[in-house]
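What you are looking at is a predicted structure, and each value in this text was computed from that prediction instead of being measured.
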Amino acid sequence: MSKADRLQPANEAEAADRIRAAAADGMTFAIEGGGTKTTIGRPVFADKVLSSAKLRGITAYNPAELVLTALAGTPLKHIEDELAKNNQRLAFEPADHRPLLCSDGDPTIGAVAAINNSGPRRIVAGAARDSLLGVRFVNGRGETIKNGGRVMKNVTGLDLVKLMAGSWGTLGFLTEVTFKVLPAPEIETTLLLRGLDDAGATTAMAHAMASSTEVTGAAHLPELAAGRLTGGGAATALRLEGFADSVADRMARLRGLFDGVADLAELENDESRALWRDIRDARALVGDGRSPVWRVSMTPSRGHEFVMAVRMKTAADAFYDWQGGLVWIGLEGGDPQDDLIRTELARHGGGHAMLVRADSEVRVLAPVFQPQAQPLEALSGRIKAAFDPRGLFNPGRMAA
């Protein structure tokens, strides 16, 4: 769209005015933050872009309270840099998928909330929605709504905070978000188990997560993915974080679990952080920047069976995060094979499959998000009608 089709309100009141005018005129909006993830989901056909790019700045941050409030268009990097000054972080480590999606721009904190953007530490720290304490947004009537606050238990009635997390800009235009933050660890170390196959790695990750070593990341990179990120053969990565003495003790116990099972190596601090950034951002599947990539949430013990079943029918590359509960799978060519992916997912315990990358022509036709059961689909429709009765926001992004 041209600059004339891009609206960037300078404050919440202006955003509300714009939305009220759009409601009266029957105009629709593509909601945008930094524009880095506009190619996820079905293509949006809207009259104008409504951007939060000018809603920038941290509005409240007291490190002692471990709570930060920022305007929705604030770049995520600015948030992370400010937290780092006080040795703090967003524990759920939101991903940066610009390399995977071949996009540019600056990811924003509002988008983190809107898509529930969560990385490898989700298995112990929860998702973005679990750290999201409060939101301000403008609904489809142009009404400003505030929900939640600066403490964990500050919601009465409908919990709109959790409802907005993962709504992909379809329910309202976020203007401000409040997140719980946590202290950053003193050190980080990753134990690599070399040479395990997918089934063996699944077992190893389960043993590690069930132990008392407090693993904060468990991922498996089969040979192709490992070659791109770590070199050498297949690698199973187990992360430990905390105070130096504690990590050293837990690492000794973790190594003891796998002596004789696989070749062991350790990555410390910067090396470990670089590996987990690559896992978080799915860099192993960047490839040609166009071929379909799926993100599949499922039962951790069944992930390797699902991948094998897909590989029996089409060429695919994959790796596993969240102890195998999150499978990233890339397919060759332009066909997303959505029938195959969802059929095999149902056969292997069910879950949620989202088409993260594909050409726009494909995304118009394929069900990008996991289809909902009829009762849940009806409920989602009623919620959409309550918040955005005229269908102003991101029309068609989540469903035709």
Side-chain angles (χ1 to χ4, degrees), residues 6-24 27-38 44 46 48-61 67-80 82 90 94 105-117 128-129 131-151 154-155 157-181 383-384 386-395 397:
R6 187 175 300 274
L7 305 179
Q8 297 182 336
N11 52 55
E12 186 179 77
E14 183 183 343
D17 289 342
R18 296 279 194 176
I19 291 169
R20 279 193 295 270
M27 184 185 300
T28 57
F29 290 125
I31 303 300
E32 187 178 286
T36 64
K37 296 179 176 65
T38 56
V44 175
K48 291 183 180 292
V49 171
L50 183 62
S51 170
S52 63
K54 290 186 177 180
L55 303 179
R56 294 190 173 205
I58 295 173
T59 56
Y61 174 40
V67 175
L68 179 144
T69 302
L71 298 178
T74 308
L76 178 60
K77 186 178 187 304
H78 177 62
I79 300 290
E80 292 176 330
E82 288 300 308
L90 297 169
D106 295 317
T108 63
I109 191 65
V112 169
I115 71 170
N116 193 32
N117 187 353
R129 64 163 49 93
S131 292
L132 185 61
L133 301 180
V135 294
R136 290 181 66 96
F137 64 96
V138 182
N139 68 12
R141 297 181 178 85
E143 301 166 338
T144 299
I145 297 174
K146 176 184 178 181
N147 192 244
R150 295 178 56 79
V151 295
N154 191 28
V155 177
L158 186 62
D159 188 352
L160 304 185
V161 175
K162 298 298 187 286
L163 191 63
M164 292 298 290
S167 62
W168 289 85
T170 61
L171 299 181
F173 179 68
L174 279 169
T175 58
E176 187 179 76
V177 293
T178 298
F179 278 99
K180 175 182 69 175
V181 301
I383 292 173
K384 171 70 172 174
F387 284 86
D388 183 20
R390 296 182 181 271
L392 272 61
F393 300 134
N394 277 350
R397 184 167 198 179

Q) Should E12 and R136 be marked as a side chain to side chain contact (heavy atoms under 4.5 Å, CB included) after you check the CA-CA gap, both sets of side-chain angles, and the distance that decides it? A) CA-CA 9 Å; E12 186 179 77; R136 290 181 66 96; 2.7 Å; yes

key: Check against side chain to side chain contact (heavy atoms under 4.5 Å, CB included), T178 and V67   = CA-CA 7 Å; T178 298; V67 175; 3.5 Å; yes

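The CD atom of E143 sits 6.0 Å away from the CD1 atom of I145 when rounded to the nearest 0.5 Å. To the nearest 0.5 Å, atom OG1 of residue T74 and atom CG of residue D106 are 11.0 Å apart. Rounded to the nearest 0.5 Å, atoms CG (L132) and NZ (K162) are 6.5 Å apart. How far CD1 of I383 is from CG of D388: 13.0 Å, rounded to the nearest 0.5 Å. Residue K77 holds its NZ atom at 15.5 Å from OG1 of T108, rounded to the nearest 0.5 Å. Atom CZ in F173 sits 13.0 Å away from atom CZ in F137 (nearest 0.5 Å).
A heavy-atom distance below 4.5 Å is found between the side chains of L160 and F387. In this structure, S51 and L7 have side chains that are not in contact, with every pair of non-hydrogen atoms separated by 4.5 Å or more. Put simply, the side chain of N139 does not reach to within 4.5 Å of the side chain of L171, judged on heavy atoms. For the pair L133 and V161, the minimum side-chain heavy-atom distance is 4.5 Å or more. N117 has its side chain within reach of K37: a pair of non-hydrogen atoms, C-beta onward, lies under 4.5 Å apart. Within the 4.5 Å cutoff, side-chain heavy atoms of L50 are placed close to those of I19. Considering only heavy atoms from C-beta on, K48 stays 4.5 Å or farther from R6 through its side chain. Using a 4.5 Å heavy-atom threshold, the side chains of I31 and T170 count as separate.
At distances below 3.5 Å, at least one donor-acceptor pair connects side-chain atoms of R129 with backbone N or O atoms of A165. For S52 (side chain) and L55 (main-chain N/O), no donor-acceptor pair under 3.5 Å exists by modelled atom type. Counting only distance, with no hydrogens or angles, the side chain of T59 and the backbone of T69 share a donor-acceptor pair below 3.5 Å.
Heavy atoms only, all atoms of each residue included: A46 and A30 are closest at CB-N, 3.4 Å. When all heavy atoms of L90 and K180 are compared, the closest pair comes out as CD2-O, 4.4 Å. Taking both residues in full, the closest heavy atoms of M27 and L392 are given as O-CG, 3.5 Å, listed atom of the first, atom of the second, then distance. Between P9 and K54, the shortest heavy-atom contact is O-CB, 3.6 Å. Residues A113 and V177 come closest through the heavy atom pair CB-CG1, 4.0 Å. Between P94 and E80, the shortest heavy-atom contact is CG-OE2, 4.2 Å.
R18 pairs by the salt bridge (Lys or Arg N to Asp or Glu O under 4.0 Å) definition with E14, not counting sequence neighbours. In this view, D17 and R20 satisfy the side-chain contact (heavy atoms from CB on, under 4.5 Å) rule, not counting sequence neighbours.
Checked by atom type, the side-chain pair E32/T38 shows no donor-acceptor distance below 3.5 Å.
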